[in-house]
Amino acid sequence: MKDRPLSRAFYERNTLLTACELLGKLLVRRTKEGIMTGRIVETEAYRSKDDPASHAYRGSTPRNRVMFDHGGLAYVYYVYGFHYCLNATTEVPGTAGAVLIRAIEPLRGLELMLRNRSLSSASPLENITNGPGKLTSAMSITTELNGTDLTSRGALFIRTSPLMKPFRVGTSGRIGVKSAYRRPWRFFIIGNRFVSRTKPRLKFAGQIRV
DNA sequence: GAGAAGATCTCCT
DNA sequence: GGAGATCTTCTCA
């Protein structure tokens with residue numbers, strides 16, 4: 001029962017709360033080659049009209065339409081001509097919100113992830129998925145998965161992690177955004193070596209014990 | 001239709 | 001720490 005995908009109700013809530021509570025959950029990717037699993041260790045929250053850094057700031061477009069749909073869908077987009085970024089949509093239909101998954105701790109399917117990233121087995125583990133572009137590359141996540149329902153056992157879903165130890169959550173300004181970067185909407189597991197950047201632009205705005 | 005910007009990563013210095 | 005790679009999306013004329 002505990003390894004069921006997270007429910008729709010989990011996502012259709014406040015985006016910041018969802019971004020924080022996604023930490024420690026397991027991201028599961030199923031492909032023809034095999035299953036890959038990783039623990040989410042870093043997220044960023046993006047909201048709607050009150051968030052200039054969000055794709056949804058200017059309203060609905062063909063690209064960001066998924067953000068305005070149900071919570072619990074995958075929003076995948078292409079950036080810089082090289083990389084894909086994976087988000088989980090939040091909030092109820094009509095209200096835009098998404099949580100960018102910035103980094104995961106690889107748990108299962110390590111060889112497959114290394115192969116997808118063209119890395120050797122000698123590569124540092126934390127180098128495989130410690131960034132939005134890296135984790136999508138490692139898990140073969142592309143825009144083909146845009147709109148995928150994360151609440152059902154399909155090619156991509158997120159589930160609880162029953163063996164997860166208690167951890168502390170750090171917050172900071174979001175990385176790579178030029179507007180509204182002062183908002184501490186980046187969440188990460190303190191002390192986890194798979195977090196993408198340990199020295200963000202804004203120092204810890206706070207800590208949360210989970 | 002053209003031009004600019006971009007939620008990144010890797011390599012080089 | 002900085003620059004370059006390269007393509008989608010959006011804005012503006």
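Protein chains get the first letters and strands the later ones, always in sequence-line order, with residue 1 at the start of each. This structure is a prediction, so every number in the text was calculated from the model and none was measured.
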For [X] and [N], give me the distance from atom [atom1] to atom [atom2], rounded to whole Å.
X: A/Y46; N: B/dG6; atom1: OH; atom2: P; answer: 12 Å
X: A/Y75; N: B/dA7; atom1: OH; atom2: P; answer: 9 Å
X: A/Y57; N: B/dG6; atom1: OH; atom2: P; answer: 14 Å
X: A/I141; N: B/dA7; atom1: CD1; atom2: P; answer: 19 Å
X: A/R47; N: B/dA7; atom1: CZ; atom2: P; answer: 18 Å

DNA chain B: stems of at least 3 consecutive Watson-Crick or G-U pairs whose donor-acceptor distances fall under 3.5 Å: B:1-6 with C:7-12, B:8-12 with C:1-5
A/H55 side-chain N/O to B/dA7 phosphate OP1/OP2 under 4.0 Å: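 Looking at the OP1 and OP2 atoms of B/dA7, one of them is under 4.0 Å from a side-chain N or O of A/H55.
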Under-4.0 Å side-chain N/O to phosphate OP1/OP2 contact, A/R102 with B/dT8: yes
Approximate separation, where rounding is to 0.5 Å, of A/F188 CZ and A/C20 SG: 11.0 Å
NZ/NE/NH1/NH2 to OD/OE distance under 4.0 Å, A/R47 and A/E91: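 Judged by the 4.0 Å cut-off on N to carboxylate O distance, A/R47 and A/E91 do not form a salt bridge.
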Aromatic ring proximity, centroids under 6.0 angstrom, A/Y46 and A/H55: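 Between A/H55 and A/Y46, the centre distance exceeds or equals 6.0 Å.
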Which atoms of nucleotides 4-6 of chain C (N or O only) lie under 3.5 Å from a protein N or O atom, and what are those distances?
residue	atom	partner	partner atom	Å
C/dT6	O2	A/Y80	O	2.9

Any donor-acceptor pair under 3.5 Å from A/R186 side chain to A/G173 backbone: no
List every contact pair, protein side and nucleotides 10-13 of chain C side both N or O, where the distance is under 3.5 Å.
residue	atom	partner	partner atom	Å
C/dC10	OP1	A/T61	OG1	2.2

Contact summary for A/G71 and A/Y11, nearest pair of heavy atoms: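 For A/G71 and A/Y11, the tightest heavy-atom pair comes out as C-CB, 3.6 Å.
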